[in-house]
Structures are given as structure tokens and as C-alpha cells.
Amino acid sequence: MKILFEQSYVWTPRDAQRDVGFAFCCPNDVTEIRISLSYAPALETEDARCKPQVEKALQRYYDCYPHTLQPMDANKFLPVKNLITLSLDKDGVYLGNAHRWDSRQEHILNSEWASRGFVPPKQMEGGWAGMLHLHEIISPLCEAQLKVEGRAEG
């Protein structure tokens with residue numbers, strides 16, 4: 001396996017709701033790529049960090065409904081997960097998104113098959129681009145590793 005891209009990241013709550021791009025080139029001898037994404041912590045258990053965020057979300061999305069119909073308790077939504085997802089395109093063509101809660105993900109693509117959430121590209125060779133979508137970073141520090149490896153013919 002050839003390493004086509006590798007990057008480590010450290011994010012804070014200020015990075016939430018942002019996108020982080022990455023790009024790599026796939027040489028002509030590569031027949032399959034494996035994208036590995038991992039981040040930690042997967043969830044935040046500190047009530048002092050989580051509860052205010054949950055209460056803020058409940059006020060924003062729930063306060064317009066009568067509370068007598070369905071009372072909401074912020075404690076039912078604890079702990080809160082950090083959520084990072086990955087989308088991918090090849091030569092400007094969108095291939096899909098891994099919209100998962102897993103803090104350890106592996107996605108495999110070749111010209112005939114792709115992991116769930118993606119479609120296979122027409123060809124492997126050429127320019128690839130991806131995006132890490134930082135939906136929620138609630139932990140004071142969230143560390144991530146992204147690696148793209150290519151399997152060559154032969």
C-alpha cells in the first residue's frame with residue numbers, strides 16, 4: 001500500500017460546524033484506495049460542557065412547540081458525541097458521504113465497488129478531493145487522523 005495522503009488534526013469547539021478540505025492524486029498503477037479516519041474522544045461526558053449545549057439546542061429547536069405535548073429533559077441527551085463526517089469527489093464528481101457516528105471509519109473504493117455511502121469512480125487515476133465535516137466538536141480538544149492509502153497493481 002502506498003500512502004497517498006496523511007494528516008493529523010487537533011480541533012476545539014470553535015472549529016465546530018466547519019469543513020476541512022483535503023486533496024490527493026492517485027497514480028495510474030493504483031487500483032483501490034482505503035481511507036481511514038479516526039478521532040478521539042468519540043463523546044464528551046462532562047455534564048458542565050454538554051448540558052448547556054443541549055439546553056441551547058432544545059431552546060432553538062423545541063421551544064416553538066407546546067411543552068405539554070412532549071416534555072424535553074436535557075439529561076436525556078447526555079453524553080454528547082463529537083461528530084465528524086467525510087465526503088469525497090473525484091475529478092469534480094461527487095462520490096458520496098460517510099455520514100456515520102463511528103469515531104473509527106474505513107472506506108474502500110475501486111472502479112467497480114465502493115463502501116456504503118459512496119459510488120465507485122469511473123477510474124482511480126487522477127485528482128481526488130474530500131471534505132471533513134466538523135458537525136460537532138464539544139470536547140475541549142478532539143484529535144483526528146486521516147490516512148489515504150492506495151493499493152497498486154501486481
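Owing to the predicted nature of the structure, the values given are computational and were not obtained by experimental measurement.
Hydrophobic clustering of Ile, Leu, Val, Met, Phe, Trp and Tyr side chains at less than 4.5 Å, counting indirect connections, keeps Tyr39 apart from Leu43. Following chains of ILVMFWY side-chain contacts shorter than 4.5 Å, one can reach Phe24 starting from Leu95, so the two form part of one hydrophobic cluster. Linking Ile, Leu, Val, Met, Phe, Trp and Tyr residues whenever their side-chain heavy atoms come within less than 4.5 Å places Leu109 and Leu37 in a single cluster. The same ILVMFWY cluster, assembled from side-chain heavy atoms under 4.5 Å apart, contains both Ile137 and Val20. Residues Ile35 and Tyr9 share a hydrophobic cluster, clusters being chains of Ile/Leu/Val/Met/Phe/Trp/Tyr side chains in contact below 4.5 Å.
Once rounded to the nearest 0.5 Å, the distance linking CZ of Arg34 with CE of Met1 reads 4.0 Å. Taking NZ of Lys81 as the reference point, atom SG of Cys50 lies at 12.5 Å (rounded to 0.5 Å). Rounding to the nearest 0.5 Å places CD1 of Ile84 at 9.5 Å from OG of Ser38. Taken from CD1 in Ile138 to CZ in Arg49, the straight-line distance is 9.0 Å, to the nearest 0.5 Å. To the nearest 0.5 Å, the span separating CG on Leu88 from CD1 on Ile33 amounts to 5.5 Å. Of the inter-residue distances, the one linking Lys76 atom NZ with Leu58 atom CG reads 10.5 Å to the nearest 0.5 angstrom.
Between the side chain of Lys90 and the main chain of Glu125, a donor-acceptor pair closer than 3.5 Å is present. Side-chain atoms of Asn82 come within 3.5 Å of backbone N or O of Pro41 as a donor-acceptor pair. Checked by atom type and distance alone, the side chain of Ser111 never pairs as donor or acceptor with a backbone atom of Gln123 at under 3.5 Å. With Asn110 contributing its side chain and Glu112 its backbone, the two residues share a donor-acceptor pair below 3.5 Å.
When all heavy atoms of Phe5 and Ala23 are compared, the pair lying nearest together is CD1-O, 3.4 Å. Scanning both residues, Asp47 and Pro52, for their nearest heavy atoms gives O-CD, 3.7 Å.
Using a 4.5 Å heavy-atom cutoff, the side chains of Gln53 and Glu44 are not in contact. Residues Val93 and Pro121 form no side-chain contact, since every pair of their non-hydrogen atoms from C-beta on lies 4.5 Å or further apart. Residues Tyr94 and Val119 form no side-chain contact, since every pair of their non-hydrogen atoms from C-beta on lies 4.5 Å or further apart.
Checked against salt bridge (Lys or Arg N to Asp or Glu O under 4.0 Å), Asp15 has the following partners two or more places apart in sequence or in another chain: Arg18. Partners of Glu149 by salt bridge (Lys or Arg N to Asp or Glu O under 4.0 Å), not counting sequence neighbours: none found.
When only modelled atom types and interatomic distance are considered, Thr31 and Glu153 share no side-chain donor-acceptor pair under 3.5 Å.
Of the charged side-chain nitrogens involved, none lies within less than 4.0 Å of a carboxylate oxygen, so that Lys122 and Asp91 do not count as a salt-bridged pair.
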Please tabulate, one pair per line, all N/O donor-acceptor pairs under 3.5 Å involving side-chain atoms of residues 126-135, not counting sequence neighbours.
unit_1	atom_1	unit_2	atom_2	d
Trp128	NE1	Met124	O	2.9
His133	ND1	Asp19	OD1	2.8
His133	NE2	Ser87	OG	2.7
His135	NE2	Thr85	OG1	2.8

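Heavy-atom contacts from other residues, nucleotides or ligands closer than 6.0 Å to CD of Glu106 number more than 12.
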Apply side chain to side chain contact (heavy atoms under 4.5 Å, CB included) to the pair Leu141 and Thr12, showing each step before the final yes or no.
CA-CA 5 Å; Leu141 289 178; Thr12 70; 3.9 Å; yes
